Amino acid sequence: MIKAIRGFKDILPSEACIWQYVETISQKILRDYGFSELRLPIIEDTSLFVRSIGQDTDIVSKEMYTFPDRKNHSLTLRPEGTASVVRAFVEHKMYARDQYKKFYYLGPMFRYERPQAGRSRQFHQIGAEIFGLAEASVDAELLILVYDLFSKIGLPSITLSLNSVGCPACRPPYKKILQEYLQKDHATLCLDCQQRSEKNPLRVLDCKNDDCQDIISRAPTILEHLCPTCQHHQQEVERLLKLSNAPYQINHRLVRGLDYYTRTAFEVTFAGLGAQNAIAGGGRYDNLVEEFGGPPTPAIGFALGLERVVLALQGQGTIPPPSPSIFLAALGEKAREKAFLLLRSLRQKGFCIQMSYQDSSLKSQLKQANQQGAQFTLILGENELNNQRIIIKDMEHASQEEVALEDISEVLKNKFLPFLAKREIF
RNA sequence: GUGGGUGUAGCUCAGUUUGGAUAGAGCUCUGGAUUGUGGCUCCAGUGGUCGAGGGUUCAAGUCCCUCCACUCACCCCA
């Protein structure tokens, strides 16, 4: 039997309805906040990711799906979305137009990692990016958007961790200070961290190895060594979050795994997801547009992991409400023919209605109606057809009444009013 | 990439220790009890390359080897 390859999954209908629910709500909120959708290619030139994410990051050095095409160009299945958004922003000179500076995207990303709960090789993100604004209020707005988003989706109990990773003016001096500090206890650090302290000392901070914990906990923090501009920016972001009653935790050890971040860096976690508990993350990247040949353009963005959001919703038993539906049971050849036409006419009027494809017993058709979760079943047999009437049965209350066939659409409309009133999104 | 656990019906699992004849249960599904009335109950039936391949043996779901997948942790991150 041929199976889906490792780390790639089918999303079956019972789960896909949760995906649709999350995607629909997210897109509505993003549009309300002024974001427009940007649809991007799934494959890009390999150098796009090497240059933006960073050669020495784990993503680039060991997790990318990179392969040569037929003309030996090195291509890569995108491991994240921001690089492509920046590429498109510069390529189409979108900086020249005011109206499109907030973008969102959604779609599959690919990383060659060991699969486990909440982590597959093809995974899906919804991301949002804002270009051209350096103000701290933009950072705050984006974080508040994240809160609104998760709250509307049905996950209000998230934890927001916040930090600053500085800028080209203050990060290098801090790196040196950290490196000097780490040098004193170099031998005590784990092997990984001994290497990291040379290449990328900031990454030592989020090491979970016991040997390193004591050293890390007493390490100088970056917030104490920010330049005045970064410091002011950070304080202003925090002030606006407090003003908005958006809780957050400063995490001095929060370091992102992508090199392009500057200043604000954050991560959203959800308890109960196990080891892979980060459901969203992002930060500011004020120099990336310029590095890709655009004019100096500050930017900030975030992405959320759809698999993990869906897992979190399933974990707390949140299941989107089924659409109200009708089942049409018909008995005998003549009634089935009439029902076939009625089915179409009711669908054209906007009703969600199904009928049995086989001329089976009423019992079996009612069973089908029950399985499909139909609120009402219409019963059309020879008797009803002869009198030009139809039975409408309320499945939940097990009650039924007979109405004139020509009135059925009006009767159903009235029956469905209370159901429709309860539904906000669909 | 490293280490631990697990793979038996569509789903959840027993059986593997100590090899033995047609591999079981519950749920689901189909039919009946109920001729045109679903959910509850009772009865019957359908459904299995026992993860894959190889080996040992008179005999393998059970023992051995290799591989694969899932899962947890490390790692990393969304």
Side-chain angles (χ1 to χ4, degrees), chain A residues 1-9 12 14 53 57-64 78-82 106-127 146 150 158 190-193 196 203 206-210 254-258 265-270 273-283 301-312 327 329-332 335 356 358-385 391-400:
Chain A
M1 182 172 51
I2 298 178
K3 292 196 228 168
I5 59 177
R6 182 169 187 164
F8 289 67
K9 288 179 187 164
L12 302 182
S14 62
I53 299 169
T57 59
D58 286 316
I59 294 176
V60 170
S61 63
K62 51 190 185 196
E63 294 176 1
M64 293 207 304
R78 63 180 183 194
E80 60 112 35
T82 301
L106 80 173
M109 308 292 163
F110 305 84
R111 291 182 201 171
Y112 192 93
E113 297 182 275
R114 184 94 177 242
Q116 66 182 72
R119 188 171 79 183
S120 45
R121 291 181 175 178
Q122 175 179 336
F123 62 101
H124 299 78
Q125 291 187 334
I126 298 179
V146 169
F150 283 116
I158 53 167
C190 69
L191 286 176
D192 281 342
C193 285
R196 286 183 189 129
R203 293 215 60 84
D206 71 346
C207 178
K208 283 154 201 152
N209 196 306
D210 284 343
L254 175 65
V255 177
R256 317 260 39 237
L258 299 88
F266 62 90
E267 208 166 271
V268 176
T269 54
F270 184 82
L273 281 180
Q276 309 301 324
N277 65 350
I279 53 175
F302 81 95
L304 64 82
L306 273 167
E307 277 81 359
R308 294 180 188 178
V309 169
V310 169
L311 276 175
F327 193 87
L331 300 163
S356 169
Q358 278 121 26
D359 188 11
S360 45
S361 67
L362 178 60
K363 179 191 172 74
S364 133
Q365 294 191 54
L366 275 166
K367 217 169 179 177
Q368 256 186 78
N370 198 47
Q371 281 167 350
Q372 288 178 16
Q375 270 81 19
F376 298 100
T377 299
L378 306 180
I379 301 169
L380 187 67
E382 297 290 338
N383 299 341
E384 289 77 22
L385 188 63
I391 294 171
I392 173 164
K393 180 179 170 86
D394 183 323
M395 296 301 278
E396 194 190 341
H397 301 102
S399 58
Q400 65 183 50

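Please read all numbers here as calculations on a predicted model, not as lab measurements. Letters A, B, ... are given to chains in the order of the sequence lines, protein chains preceding strands, and every chain is numbered from 1.
- With hydrogens and angles ignored, a donor-acceptor pair under 3.5 angstrom links the side chain of A/Glu384 to the base of B/G36.
- One P atom belongs to B/U28, the other to B/C50, and the distance between them is 26 Å to the nearest Å.
- Distance from the side chain of A/Leu362 is smallest to B/U37 among B/U37, B/A78, B/G38.
- Listed candidates were B/G36, B/C72, B/C76. Nearest to the side chain of A/Ile379 is B/G36.
- The residue A/Gly118 sits close to a base: some heavy atom pair falls under 4.0 Å.
- Of the nucleotides present, B/G32 is the one that pairs with B/C42 by Watson-Crick or G-U wobble criteria, both distances under 3.5 Å.
- Along RNA chain B, the nucleotide closest to A/Asp206 and the one closest to A/Gly7 are compared, and the more 5′ of them pairs with A/Gly7.
- A/Arg203 has a side-chain polar atom (N or O) that falls below the 4.0 Å cut-off from OP1 or OP2 of B/C77.
- Taking the C1' atoms as reference points, B/C77 lies 46 Å from B/G39, given to the whole Å.
- B/U18 and B/U22 have their P atoms separated by 24 Å, given to the nearest Å.
- For a distance-only test at 3.5 Å, the side chain of A/Gln365 fails to qualify as a donor-acceptor partner of the base of B/U37.
- For B/C13 and B/U8, the P atoms lie 9 Å apart once the distance is rounded to whole Å.
- The partner of B/A60 cannot be assigned: no Watson-Crick or G-U wobble pair with both contacts below 3.5 Å exists in any strand.
- Closest-nucleotide positions on RNA chain B for A/Leu304 and A/Gly274 were compared, and the one nearer the 5' end corresponds to A/Gly274.
- Across all strands, A/Ala374 comes closer than 4.0 Å to no nucleic acid atom at all (heavy-atom distances).
- The base-pairing partner of B/G1, taking Watson-Crick or G-U wobble contacts with both distances under 3.5 Å, is B/C74.
- In this structure, the side chains of A/His124 and A/Leu106 stay at 4.5 Å or more apart for every pair of heavy atoms.
- For A/Lys393 against B/U37, a side-chain N or O and a base N or O form a donor-acceptor pair under 3.5 Å.
- As the counterpart of B/G19, no nucleotide is assigned, since no Watson-Crick or G-U wobble pattern has both distances under 3.5 Å.
- The A/Arg256 side chain lies nearest to B/A78 when the options are B/A78, B/G36, B/G38.
- For a distance-only test at 3.5 Å, the side chain of A/Arg114 fails to qualify as a donor-acceptor partner of the base of B/C70.
- Nucleic acid contact for A/Ile126: none, since no nucleic acid atom lies under 4.0 Å from a heavy atom of the residue.
- Side-chain atoms of A/Gln371 lie closest to B/U30 of the nucleotides B/C77, B/U37, B/U30.
- Picking from B/C77, B/C70, B/C72 the nucleotide with the shortest atom distance to the side chain of A/Gln116 gives B/C72.
- The side chain of A/Gln400 approaches B/U37 more closely than any other nucleotide in the set B/U37, B/U30, B/C76.
- Listed nucleotides B/C74, B/G36, B/G38 differ in distance to A/Leu331; the shortest reach to its side chain belongs to B/G36.
- Checking B/C75, B/C74, B/U37 against the side-chain heavy atoms of A/Gln276 singles out B/C75 as nearest.
- Across all strands shown, B/C50 forms no Watson-Crick or G-U wobble pair with both distances under 3.5 Å.
- Although no hydrogens or angles enter the test, the distance criterion places no donor-acceptor pair under 3.5 Å between the side chain of A/Arg111 and the main chain of A/Gln122.
- Across all strands, A/Ala369 comes closer than 4.0 Å to no nucleic acid atom at all (heavy-atom distances).
- For A/Arg6, whose side chain is taken as the heavy atoms from C-beta onward, the closest listed nucleotide among B/U71, B/A69, B/C76 is B/A69.
- Closest to the side chain of A/Lys9, out of B/G36, B/U71, B/A78, is B/U71.
- Using atom C1' as the reference point in both B/A44 and B/G7, the two lie 32 Å apart (nearest Å).
- Screening A/Leu311, A/Val146, A/Ile158, A/Leu306 against A/Ile279 for a side chain to side chain contact (heavy atoms under 4.5 Å, CB included) leaves a single residue, A/Ile158.
- By the 4.5 Å heavy-atom criterion applied to side chains, A/Phe327 and A/Leu378 are not counted as neighbours.
- For A/Arg196 and B/C76, the shortest distance from a side-chain N or O to OP1 or OP2 is below 4.0 Å.
- A/Glu382 comes within contact range of at least one nucleobase, with a heavy-atom separation under 4.0 Å.
- One can place NE2 of A/His397 at 14 Å from C1' of B/G39, the figure rounded to the nearest angstrom.
- Atoms CG (A/Asn277) and P (B/C72) sit 13 Å apart, rounded to a whole Å.
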